[in-house]
Each structure stands twice: as structure tokens, then as C-alpha cells.
Amino acid sequence: MQGYQVNFYTLQNRKHQEQSVSEWLVDKAQMIGIRGATVIHGDEGFGSDGRLHAARFFEQAEQPMIVVMVLSEAQCEHLFSLIRETGLKVFHTRTAVEYGYTTE
């Protein structure tokens with residue numbers, strides 16, 4: 001099958017509609033029938049603001065996160081439509097991929 005791998009980059013403390021951005025994205029993915037999403041917690045990184053963000057003992061709210069999904073073209077358009085409608089601003093990458101299950 002052909003589709004997209006979409007990665008959303010955010011921080012643990014970023015909120016959208018009273019949820020963390022990562023939770024909001026995963027909830028919307030489930031709502032529209034996407035079969036899986038993975039949330040990856042990073043140790044540290046820096047964003048477009050040039051500031052270092054890290055998961056230190058006192059700074060866990062600044063922990064970088066990536067939400068990864070593989071979607072069909074229709075699912076991708078639906079998800080991005082929801083994002084636009086709610087005004088969520090989040091950096092992302094979208095890469096065309098071939099996906100499917102292995103056979104036994």
C-alpha cells in the first residue's frame with residue numbers, strides 16, 4: 001500500500017484544547033481510524049527557537065516528543081484538515097512510504 005509517514009515534533013508541556021499536543025494527535029488519529037501511532041520521548045533536542053530542550057530531573061515538561069504515524073492519503077488529508085480547523089500549529093514532516101504487513 002502507498003501512503004505517508006508523518007512525524008509531529010512537540011514538547012511534553014505543549015497543550016492544545018486542554019490536552020498535551022501528543023495526546024491530542026493520538027486521540028484524533030484513533031477517532032479517524034488510523035491503525036497506530038507511536039509517541040517517542042527524546043532525551044534532548046533544540047527547536048526553531050534555538051533553545052535546548054531536555055528531560056532533566058527538574059525540567060521534564062521540556063522533554064522533546066515525536067508522534068509517528070503511517071497513514072493512507074485519505075487519512076492524512078482528514079488528519080491535516082482537523083489540525084487546520086482547530087488552529088494547531090505543530091512542526092511536522094511527511095514522507096511518502098510503501099507500507100503493509102509481512103507474510104509468514
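Only this structure's heavy atoms are used, side chains among them; waters, hydrogens and symmetry mates stay out.
- Between K15 atom NZ and L88 atom CG the span is 13.5 Å, to the nearest 0.5 Å.
- Here the closest non-hydrogen pair linking V26 and A37 is CG2-CB, 4.3 Å.
- Residues satisfying the ring pair (Phe, Tyr, Trp, His ring centres under 6.0 Å) criterion with Y4, sequence neighbours excluded, are absent altogether.
- Once rounded to the nearest 0.5 Å, the distance linking CG of L79 with CZ of R84 reads 9.5 Å.
- Ring geometry, W24 versus H16: the interplanar angle exceeds 60°, so the pair is classed perpendicular (tilted spans 30 to 60°).
- Atom CD of residue E98 and atom CD of residue Q2 lie 5.0 Å apart, to the nearest 0.5 angstrom.
- Under the 4.5 Å side-chain heavy-atom criterion for ILVMFWY residues, no single connected hydrophobic cluster contains both F80 and F91.
- Separation of atoms CE (M31) and CG (L82) is listed at 4.5 Å; rounding is to 0.5 Å.
- Scored by the side-chain contact (heavy atoms from CB on, under 4.5 Å) test, V70 finds Q5, V97, Y99 as partners (sequence neighbours excluded).
- Here the CD1-OG1 distance, from I66 to T93, works out to 8.5 Å after rounding to the nearest 0.5 Å.
- Scanning all heavy atoms of the two residues, the minimum distance from H92 to Y9 falls at CA-CD1, 4.4 Å.
- Looking at every heavy atom in both residues, R14 comes nearest to K89 through NH2-O, 2.8 Å.
- Salt-bridge check for E77 with R94: passed, with a basic side-chain N closer than 4.0 Å to an acidic carboxylate O.
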- request: Let me see the working for V21 and F8 under side chain to side chain contact (heavy atoms under 4.5 Å, CB included), right down to the final yes or no.
  value: CA-CA 9 Å; V21 169; F8 295 96; over 6 Å; no
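- What you find for S22 and V39 is that their closest heavy atoms are CB-CG1, 4.3 Å.
- When the shell of 6.0 Å around CD of E73 is examined, it contains 12 or fewer heavy atoms from other residues, nucleotides or ligands.
- Minimum heavy-atom separation, Q75 to I32: O-CD1, 3.7 Å.
- Once rounded to the nearest 0.5 Å, the distance linking CE of M1 with CG of L71 reads 12.0 Å.
- For the pair M69 and L25, the minimum side-chain heavy-atom distance is below 4.5 Å.
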